[in-house]
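Side-chain atoms are counted along with the backbone in the values below, which use heavy atoms only and exclude waters and symmetry mates. As the structure is a prediction and not an experimental result, all values here were calculated from the model.
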Amino acid sequence: MKILKYIWLKFFNTYGIISNNGSDTVNLPNILEAKKRTNKEIEIKTNEYIINNNLKHLGDNYCYYIKTYGCQMNVHDSENIKAILEDMGFTETDVLEEADLILLNTCSIRENAHNKVFGFLGRIKHLKETKPHIITGLCGCMAQEESVVKEIMERYKWMDLVFGTHNIHRLPNILERAMATRELEIEVFSKEGDIFENIPVKRDSKYKAWVNIMYGCDKFCTYCIVPYTRGKQRSRKPEFILDEVNDLISQGYQEVTLLGQNVNAYGKDLPGNYRMGDLLRDVAETGIRRIRFMTSHPWDFDDEMIDIISKYDNIMPYVHLPLQSGSNRILKLMGRRYTKESYLNLVQKLKKKIPSLALTTDIIVGFPGETDKDFEDTLEVVKKCQYDSAFTFIFSPRVGTPAARMKDDISLEEKNKRLYKLNELVNKYANKNNQKYLDKIVPVLIEGKGEKGNLMGYTDTMKLVNIDGDDSNIGFIVPVKITSIKTWSLDGKIIF
Ligand code: 5AD
Ligand code: SF4
């Protein structure tokens, strides 16, 4: 038996899989395995997610609580996880204290996301002391990190399950084992699997939907952990994406956001020449009212895409185009494959072809070796692009990435100063761009109630609007007159 188990583990390790699968032996996630890119053709599997009859009632009378960290990809994964749990009989609660099953869907992108997760685990431990039957699990990108799995095995043994980003379709079996053994169950495949087309989804919104168009990333920007935690780029076939969009239309959805780490590279891993421009055109032709897409990499943003965005009214005039740095020297160290000049050239083309364009970005300050001059170059690009908003970050070294090994001699104080200065400039342009909306009438998809009990929704350019109006407007795109401006949102009232 022992020999069989050894052979089994040996086989799976060859393919970068880790699992204790009910045994005491655990092989940790392996970043070198995760980094490998093979030519193996990705298979499309339409019946890989299976839920046996005996698992369909495992969660009857139990509530689950899921907390999601990080990007939209994780938010959408949580929508899949919720549907799987509901297939097993669990019901959702948004009250932590009521939950029998608690899952944290985690993000690895920066150190602070990591710290928040371990902080939250402390809170769960207290709960578990009073309610020992609670099952607790961790999934998402952190589950793909060796150091995290080790830490859980050493200091958080009271947890029940850990599963990776490539293991979501196997959740029923992992959970069954965890509930039966009440021992820490770990199943993380270091290497990506195929594309699973039959995973169910419980969407958070009835009006706007996330639609994955690809998984993984092959860009390997030197600071970024995503290519390791999410595996190689795998594009979904257009027919599956279009079927999903058509199905959403028939359910009354108004908006889809096409999701991927680097959507502009869509199709490059598929046979033939079908690319993101073709997909955008075909999705636009379905007639769905609003189409968004994210995230774009400037390298793959071709002219065809720009033409298609400008041609179709239902492709929103909104582009999130991460800059990361405005210094050519730093861009090179980051492995970004474009220069300040080529980035500015692309922005100019976009603004010219799409006059109502709203542009947002991501910027990292304090990358190893960033000088005052490099930082000034970033400020210069911000001044030229006048972004509608920007997500700004201090560089956070991620274990296993090349940038984490680069000499970083900038003090934290200096990094904070740069971040502050950058944010001031970003806010100035965000406010300036918002001012243009005063007294204008703009279409807004009313998504629901805002924090103050009024309605809220987004313009086609992705501006958040708080609105006076009647609840019967929820779920519709309605004309809204903008009555006042804030830096991060607009106020308005519905007019007919
Ligand atoms: N440190 C800081 N910011 C990072 N990002 C990605 N990796 C890191 C890192 N190691 C930022 C990039 C990316 C966004 C999602 O997160 O700006 O576009
Ligand atoms: Fe990370 Fe770069 Fe891929 Fe974006 S394109 S996910 S920053 S490696």
### Audit row: Val319, Phe293, side-chain contact (heavy atoms from CB on, under 4.5 Å) steps and yes/no
CA-CA 8 Å; Val319 174; Phe293 55 93; 4.1 Å; yes
Do the side chain of [X] and the main chain of [Y] share a donor and acceptor less than 3.5 angstrom apart?
X      : Y      : answer
Arg230 : Ile225 : no
Asp362 : Leu321 : no
Lys440 : Lys436 : yes
Glu370 : Val365 : no
Ser108 : Cys141 : yes
Ser310 : Ile354 : no
Ser489 : Lys486 : no
Asn466 : Gly492 : no
Gln144 : Thr165 : yes

Set out, in order, the CA-CA distance, both residues' side-chain angles and the distance that settles side-chain hydrogen bond (donor to acceptor under 3.5 Å, both in side chains) for Thr360 and Tyr318, then state yes or no. CA-CA 8 Å; Thr360 60; Tyr318 167 73; 3.0 Å; yes
Please tell me if the side chains of [X] and [Y] come closer than 4.5 Å, counting only heavy atoms from C-beta onward.
X      : Y      : result
Ile186 : Met153 : yes
Leu280 : Met305 : yes
Met276 : Ser296 : no
Asn433 : Tyr387 : no
Leu490 : Leu464 : no
Tyr343 : Cys385 : yes
Thr378 : Ile363 : yes
Phe367 : Leu333 : yes

Do [X] and [Y] meet the criterion of a side-chain donor-acceptor pair at a distance under 3.5 Å?
X      : Y      : result
Ser327 : Ser325 : no
Thr68  : Asn105 : no
Thr487 : Asn427 : no
Tyr312 : Glu285 : yes
Tyr156 : Thr136 : no

Using a strict threshold of under 4.0 Å (side-chain N to carboxylate O), is an ion pair present between [Y] and [X]?
X      : Y      : answer
Glu380 : Lys383 : no
Glu414 : Lys421 : no
Lys150 : Glu146 : yes
Asp303 : Lys353 : no
Lys463 : Asp388 : yes
Lys219 : Asp300 : yes
Arg289 : Asp313 : no

Determine, step by step, whether Lys208 and Glu447 satisfy the salt bridge (charged side-chain N to carboxylate O under 4.0 Å, His left out) criterion, reporting the C-alpha distance in whole Å, the side-chain angles of both residues, the deciding distance to 0.1 Å, and the verdict. CA-CA 8 Å; Lys208 62 176 199 180; Glu447 292 181 13; 3.1 Å; yes
Within the 6.0 Å centroid threshold, strictly below: Tyr338 and His297: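 Here the rings of His297 and Tyr338 have centres that are less than 6.0 Å from each other.
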Ring centres under 6.0 Å, that's the criterion: do Phe118 and His114 meet it?
yes
What's the spacing between [X] [atom1] and [Y] [atom2] if we round to 0.5 Å?
X      : Y      : atom1 : atom2 : answer
Leu127 : Arg123 : CG    : CZ    : 7.5 Å
Leu184 : Leu161 : CG    : CG    : 8.0 Å
Leu323 : Leu331 : CG    : CG    : 6.5 Å
Ile152 : Leu121 : CD1   : CG    : 6.5 Å
Asp374 : Lys340 : CG    : NZ    : 10.0 Å
Leu359 : Tyr429 : CG    : OH    : 13.5 Å

| Pair Asp377-Lys373, salt bridge (charged side-chain N to carboxylate O under 4.0 Å, His left out): steps then yes or no | CA-CA 6 Å; Asp377 285 349; Lys373 165 78 178 67; 2.9 Å; yes
Residues Ile213, Leu259; criterion side-chain contact (heavy atoms from CB on, under 4.5 Å); working and verdict: CA-CA 6 Å; Ile213 61 167; Leu259 277 186; 5.9 Å; no
Sorted by chain and residue number, the side-chain contact (heavy atoms from CB on, under 4.5 Å) partners of Glu341 (sequence neighbours excluded) come out as Asn328, Thr339
Asp491: which of Val480, Thr483, Ile485 passes side chain to side chain contact (heavy atoms under 4.5 Å, CB included)
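In the set Val480, Thr483, Ile485, the residue that makes a side chain to side chain contact (heavy atoms under 4.5 Å, CB included) with Asp491 is Thr483.
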Checking Arg110 against Phe393: charged group under 6.0 Å from the ring centre and within 45 degrees of the axis?
yes
| task | Decide whether a cation-pi geometry holds between Lys268 and Tyr266; the criteria are a distance under 6.0 Å from NZ or CZ to the six-membered ring centre and an angle within 45° of the ring axis. | result |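 No, a cation-pi geometry is absent between Lys268 and Tyr266.
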field: Stepwise side-chain contact (heavy atoms from CB on, under 4.5 Å) test for Phe120 and Thr106
entry: CA-CA 11 Å; Phe120 199 77; Thr106 62; over 6 Å; no
**Message:** Among Lys35, Arg37, Arg234, Lys232, which residue satisfies the salt bridge (charged side-chain N to carboxylate O under 4.0 Å, His left out) criterion with Asp218?
**Reply:**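 One option only clears the test, and that one is Arg37.
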Residue set satisfying salt bridge (Lys or Arg N to Asp or Glu O under 4.0 Å) with Arg281, at least two apart, ordered chain then number -> Asp278
*Residues in salt bridge (Lys or Arg N to Asp or Glu O under 4.0 Å) with Arg290, at least two apart?*
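Testing Arg290 for salt bridge (Lys or Arg N to Asp or Glu O under 4.0 Å), a comparison that skips the adjacent residues, returns Glu255.
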(request) Run the numbers on Arg398 and Glu111 for salt bridge (charged side-chain N to carboxylate O under 4.0 Å, His left out), then give the verdict. (result) CA-CA 8 Å; Arg398 309 313 293 133; Glu111 185 68 21; 3.0 Å; yes
Query - Steps toward side-chain contact (heavy atoms from CB on, under 4.5 Å) verdict (Arg236, Met214) - result: CA-CA 5 Å; Arg236 283 179 80 194; Met214 64 202 297; over 6 Å; no
